[in-house]
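Basis for what follows: all heavy atoms, side chains included, without hydrogens, waters or symmetry-related copies. We name chains A, B, ... by the order of the sequence lines, and we start the count at 1 in each one.
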Amino acid sequence: MGLALMLIEYSGKELFRKYGIPTPEGYIINDPKKIGSVSKPMMIKAQVQAGGRGKAGGIRFGSTLEQVQKAANEILDLKISGKAVTSVLIEERLNVFREIYVSMTMDRSRRLPILMIINQGGMDVESAQEEQVKTWAVHPFVGLGDYIVREALEHLQLDNAPAKQLSEILKQQWKLFWEMDCELVEMNPLVQTAEGKLVAADAKVVIDEDAAYRHPELDFHEFDRTPLEQEAREKGLALVELDGDIGVLANGAGLTMATLDLLSSFDARGRVFLDLGGTDDEKVVEQAMMLMSKAIPKVILVNIFGGITKCDTVADGILAARDSLGIRIPIVVRIRGVNEEEAGLRLKKGGIVAFHELDLACEKAASLLKED
Amino acid sequence: MGLALMLIEYSGKELFRKYGIPTPEGYIINDPKKIGSVSKPMMIKAQVQAGGRGKAGGIRFGSTLEQVQKAANEILDLKISGKAVTSVLIEERLNVFREIYVSMTMDRSRRLPILMIINQGGMDVESAQEEQVKTWAVHPFVGLGDYIVREALEHLQLDNAPAKQLSEILKQQWKLFWEMDCELVEMNPLVQTAEGKLVAADAKVVIDEDAAYRHPELDFHEFDRTPLEQEAREKGLALVELDGDIGVLANGAGLTMATLDLLSSFDARGRVFLDLGGTDDEKVVEQAMMLMSKAIPKVILVNIFGGITKCDTVADGILAARDSLGIRIPIVVRIRGVNEEEAGLRLKKGGIVAFHELDLACEKAASLLKED
Amino acid sequence: MLMGPDTKVLVQGITGHQGEYHAQSMLDAGTNVVAGVTPGRGGSKVGGVLVYDSVMKAVNATGANASVVFVPARVALDAVLEAIDGGLRTVVVISEHIPQKDALIMIEYGRLKGCRILGPNCPGIASSRYGKMGIMPTQIFKNGRTGIVSRSGTLTYEIVSALSEAGIGQSTCIGIGGDRIVGTSLIDVLEELESDPETENVVLVGEIGGTAEEEAALMIKKRMSKPVVAYIAGRTAPPGKRMGHAGAIISRGAGTASSKIEALKGAGVKVALSPSGIPALIIALITV
Amino acid sequence: MLMGPDTKVLVQGITGHQGEYHAQSMLDAGTNVVAGVTPGRGGSKVGGVLVYDSVMKAVNATGANASVVFVPARVALDAVLEAIDGGLRTVVVISEHIPQKDALIMIEYGRLKGCRILGPNCPGIASSRYGKMGIMPTQIFKNGRTGIVSRSGTLTYEIVSALSEAGIGQSTCIGIGGDRIVGTSLIDVLEELESDPETENVVLVGEIGGTAEEEAALMIKKRMSKPVVAYIAGRTAPPGKRMGHAGAIISRGAGTASSKIEALKGAGVKVALSPSGIPALIIALITV
């Protein structure tokens, strides 16, 4: 399914160092008492996989031990995008002369990795002018050509010394990207210091989860997922928590999304996107129902188009889960495909009326919500 | 020009070990006194870059120190294909259960590296039946696929343990071949020992000379060239010593060969193939003439088709070389192309008649030989 | 089209659970399945189909020129490279969870060698005339002249069923796969359907993520003469969440359903708001 | 053919000694040279031709679609990859001493991207109608209807001169290069000459080493309708010695002149024993 694993900044920077990409000196702590002596201005940065870290107060400065400890303490008390901050990166504060944006990402339209360089970094990236942004496709069969490096250097108009450094950084970034199965390697900003050195002040590394087995050394313990989403993931199911009321269980991502879309026509919103995938195992259906029940939806809507997945198997799974888990909320089932008659009979015996038409099933689920 | 550098067996085996390809334990000596204690059967192998080493007595066996020293002494007294043997490889003698031939080479027709495996190795390779030989093209953009390894293993019908070893050897051989800019990596034989291990008993590694600058760590001090050929090579000229009488200097390999071929129509044979290449430097012409004179031909035939090379420059170079080197043997010149009239005039002033027709020039050179 | 009268199909991973089931189903659909491949299982038979140890052996024995791949993700790259080097012209990759890097390598190597890759993580092709290569449920199809191209699996079956029930038959149905990197794009398939004499009109089934539908809209505007109708899933999906597979994600405002729907409408494509709305759009085309 | 009325030529390495000389010579031959490229020298001019810092800039400014590469061997791979990624369709690589590995990469990457590589280590193309891309001496050519394909440089000039002096003009002359790995084979060029309406008959200039002439003979037998005559250099070359460049070597009895001559004769090709024998063979064809 090709999900993605984002490394926390510190792990990303460790990878950078391994590939010879310069980063600020720093260390990670989960207890402010472990902060060492402070002799120069330092950054204190929340290590969470969530956007908006800066705006949420997750990035601070300090020049004395007291300031740094205080900042670290405050950050460790934060929740950012609903996530408790459990660790903090303490690192030297760079003397910024200039900021650049550099990233390598997998582009789906061009079907190739793309190097992007913006002649302006940091928070300002979003406002960059078109002529400040340059991209190059990098073909893995030949790698990052010198000619691309030359064009990048010309775009940035760097002095000699940092130019040489940048060409090394770009080559190594490509190597990291390709060898480590990355979906994204981003340096935002790549800082040119007042001393004339290039240093990656931030590191965002996203690894292709389908390739994670090749990189057992990487520390993937944090994901940008809710605990329930993570639990589903570990059980091999794709679950997304939403902010509505109806738990939708369907087979196939497209069909699940289509079901959620259709609910909205009846003014109902989903609580859960749960893709059963292609299975014909009653236990998997039960497991899906168990996850579903944990999300506490007001109504459950099951939509199965049976092919590999047999309809009767699903029916059995739903009934078994309802009974074993003691699910009391309404379950609306729409079922089509292989063995649909048998499924309908079994569901009916179990007290559930199966719909044939998806539109009708959605309408029913939405109406149950209003009764609620 | 894409010449090739062949490593001596010992250097080839060092590369093998670096890439994890098993070789017999051994060491190289140039003085039989340096042979260590001998506790098991050993091989003593002349380290020369020449074929027919076995037939020339350059490979012997010994089980005692005395035997090994005697063999080494005798080998160090040999000349193989005209080359003095200056070093000898002493290594354990394998307990051979089976011999296999494995090579990776650059195929010009298919324009790809080719893996070749013959279900029979050693001296018998030449007599292998067609069904014993299997080849696979390996595309560098994807490397040596597992499926190729599987087909190779099936072809050889190895037991489990050596099969696993072979698949590792094939992968590493490919890596060595590609990373080291090889034209050939050959293991003949790759031995399956009585103990069930695979060991590369011989190592033939040929490196693309045009890529040699990328591998300064390799020891290229020995070439399959005569001293004069080597001297020419170092001066950037392509010279081949032949066993006839006429020294042929021409510009372009094809034209030089064509000139030699034409001489044979007049029952004359070349002493030297010397390709001037594309130059317009009088000094290069003089240098070529200097090399030519060292080969002591009976007649010199210069054949220039001037383009980049200007005819008058060549004429000046010939005359200057003749005078400074005191060349007394006849020089026949055929010259065509840019500034050919001027060249003809200068040569005439210098006492050399320039021909316009190649056939006539060759006839003249051949006839001079007969007068001689 | 990707399948034709000369298509001879090989099933890689035929001795696995999925491979065996779908090989049989392909045979039942009238597909010319000529061989199976599973290393080490050469000589055995699956549903009457002879299994070979390697693609090369299977090709030499049967003249196979296309393959459907059911092997596990970790060995999928090798299986596809073997198929490409075996000289096959079309490879349908059913396997899911293939690393993007491997997908990219197989697609580009196929391009180099003149082999079209469909997928990975795709349901394959169903043809009204030549059977199927993949896992689409045969029973929902009905012969006809509507071509279907889709990024989705079951959602497509939903729409095909609706069409069949409404009496609208299909010419060819192609699922390109839900992963972000796929070998055959919506545009590639649209080009094929445009030039396919069996196809009169086209249903495009898209979903959130990427810009494939927007690019398809441009192509439709410029080069399609046949009418196209569409359905796009994910109108209510929240940004930043991957909805089940790698492709379906809205990021930085790009890849939204509304952007895709707008682009398609701009190209003259009628867009249905639910899968069940598609047949009516096709009927409207026919009766115009 | 590799050059046509729309060919717009770029010269990579135009500010070097060779590049400058031959750019001028190409212009003098009437070639549509539209730009030069030398990194860091953008804005300067060579013989009236504007120099750009990169292929991309040159292409954007001039619409160049072909390139002649004169850069040193160590940077040749990068220059050719830049040309391929710049969208050029034909790249003529004059540079010699390019590592085989680099040659292989540029050729295969070109194939992937639809860019034909001629060479490396080749003299290029001379066309009677569109000028030349490469280093062949213009003055020896004469307009006519004999096509020439060759593995050699000066030897080809020798034969062209002989033809011109005998009143036999040339349509297109292509030198594929003497290295063992080249992007365009004898066969590729023969196919082009076969379908070229300007060409009536063909001279093939081969030499020892490899089996390209034997493969060409097979192709001639099977697919050439136009008459071919040939000359093969190296009849007297000793085995095991590389005669000047990587290609010219006889090894293990393969690659000999006699094997090539036999193969060509078997395909109905008349083979001359000296370069000066070629014109008579062509005249015999014409007067038959």
Task: side chain to side chain contact (heavy atoms under 4.5 Å, CB included) evaluation trace for Met243(C) with Val240(A) - done: CA-CA 7 Å; Met243(C) 304 304 277; Val240(A) 178; 4.1 Å; yes
Open item on the list: Run the side chain to side chain contact (heavy atoms under 4.5 Å, CB included) test on Ile208(C) and Met257(A) for me, step by step, so that the C-alpha distance in whole Å, both residues' side-chain angles and the decisive distance to 0.1 Å come before the verdict.
Closed with: CA-CA 9 Å; Ile208(C) 54 163; Met257(A) 281 193 282; 3.6 Å; yes
- [ ] Start with the C-alpha distance between Ser276(C) and Glu357(A), add both sets of side-chain angles, then the distance that settles side-chain hydrogen bond (donor to acceptor under 3.5 Å, both in side chains), and finish with yes or no.
- [x] CA-CA 9 Å; Ser276(C) 58; Glu357(A) 300 296 330; over 6 Å; no
- [ ] Could you check Asp179(C) against Arg108(A) for side chain to side chain contact (heavy atoms under 4.5 Å, CB included), going step by step and ending with a plain yes or no?
- [x] CA-CA 9 Å; Asp179(C) 282 0; Arg108(A) 44 200 290 172; over 6 Å; no
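In Lys283(A), the NZ atom is not crowded: 12 or fewer heavy atoms of neighbouring residues, nucleotides or ligands sit closer than 6.0 Å. The number of heavy atoms from other shown groups lying within 6.0 Å of NZ (Lys270(C)) does not exceed 12. When the shell of 6.0 Å around NZ of Lys310(A) is examined, it contains more than 12 heavy atoms from other residues, nucleotides or ligands.
Side chains of Asn251(A) and Thr154(C): no donor on one and acceptor on the other come within 3.5 Å. For the residue pair Thr211(C) / Ser109(A), a side-chain donor-acceptor distance below 3.5 Å is found, with atom types taken as modelled.
Highest contact tally toward chain C, considering only Trp178(A), Phe273(A), Phe141(A), is held by Trp178(A) [criterion: heavy-atom pairs under 4.5 Å]. Chosen from Leu155(C), Ile159(C), Leu273(C), Ile232(C), the residue pairing most often with chain A at heavy-atom distances under 4.5 Å is Leu155(C). Between chain A and the residues Ala257(C), Ala162(C), Gly183(C), the most heavy-atom pairs under 4.5 angstrom are made by Gly183(C). In terms of non-hydrogen atom pairs under 4.5 Å with chain A, the most contact-rich of Gln18(C), Glu108(C), His22(C) is Glu108(C). Annotation: maximal heavy-atom pairing with chain A below 4.5 Å, among Ala103(C), Ser274(C), Gly234(C), Ala237(C), occurs at Gly234(C).
Glu229(A) has its side chain within reach of Lys241(C): a pair of non-hydrogen atoms, C-beta onward, lies under 4.5 Å apart. A heavy-atom distance below 4.5 Å is not found between the side chains of Thr236(C) and Arg269(A). The side-chain heavy atoms of Ser161(C) and Arg336(A), taken from C-beta on, include a pair separated by under 4.5 Å.
In this structure, the portion of Arg151(C) lying under 4.5 Å from any heavy atom of chain A is its side chain and not its backbone. Contacts between Leu242(A) and chain C at a heavy-atom distance below 4.5 Å involve the side chain alone, from C-beta outward. At a 4.5 Å heavy-atom cutoff, the contact between Ser265(A) and chain C is made by side-chain atoms alone. If you measure heavy-atom distances from Asp359(A) to chain C, the contacts under 4.5 Å come from the side chain alone. Of the two parts of Ile105(C), the backbone and the side chain both hold a non-hydrogen atom closer than 4.5 Å to a non-hydrogen atom of chain A. When heavy atoms are compared at a cutoff of 4.5 Å, Arg111(A) approaches chain C by way of both its backbone and its side chain. Proximity to chain C is limited to the side chain of Arg214(A), based on heavy atoms less than 4.5 angstrom apart. Only the side chain of Ser152(C) has a heavy atom closer than 4.5 Å to any heavy atom of chain A. Tyr21(C) touches chain A through its side chain: at least one heavy atom from C-beta onward sits under 4.5 Å away, while N, CA, C and O do not. For Val182(C), the part lying under 4.5 angstrom from a heavy atom of chain A is the backbone only. Contact of Phe305(A) with chain C is made through backbone and side chain together, with heavy-atom distances under 4.5 Å. For Glu214(C), no part lies near chain A; criterion is any non-hydrogen pair under 4.5 Å. For Asp243(A), no part lies near chain C; criterion is any non-hydrogen pair under 4.5 Å.
Considering OG1 of Thr156(C) and CG of Leu255(A), their distance stands at 9.5 Å, rounded to 0.5 Å. Taken to the nearest 0.5 Å, the CD1 atom of Ile304(A) stands 11.0 Å off from the CD atom of Glu158(C). With values rounded to the nearest 0.5 angstrom, Phe177(A) atom CZ is found 10.0 Å from Lys101(C) atom NZ. A distance of 7.5 Å separates CD1 of Ile181(C) from CG of Asp107(A), quoted to the nearest 0.5 Å. To the nearest 0.5 Å, the span separating CZ on Arg180(C) from CE on Met106(A) amounts to 8.0 Å.
Residues Leu104(C) and Pro113(A) approach most closely at CD2-CD, 3.8 Å, considering heavy atoms. What you find for Ser264(A) and Arg235(C) is that their closest heavy atoms are OG-NH2, 4.3 Å. Taking both residues in full, the closest heavy atoms of Asp210(A) and Pro99(C) are given as O-CG, 3.5 Å, listed atom of the first, atom of the second, then distance. Counting all heavy atoms, side chain and backbone alike, Ala258(A) lies closest to Pro275(C) at CB-CG, 4.3 Å.
In this structure, the side chain of Asp208(A) engages the main chain of Gln100(C) through a donor-acceptor pair within 3.5 Å.
Arg242(C) and Glu209(A) are not joined by a salt bridge, as no carboxylate oxygen comes within less than 4.0 angstrom of a charged side-chain nitrogen. Under a 4.0 Å N-O distance rule, the pair Arg110(A)/Glu215(C) does not qualify as a salt bridge.
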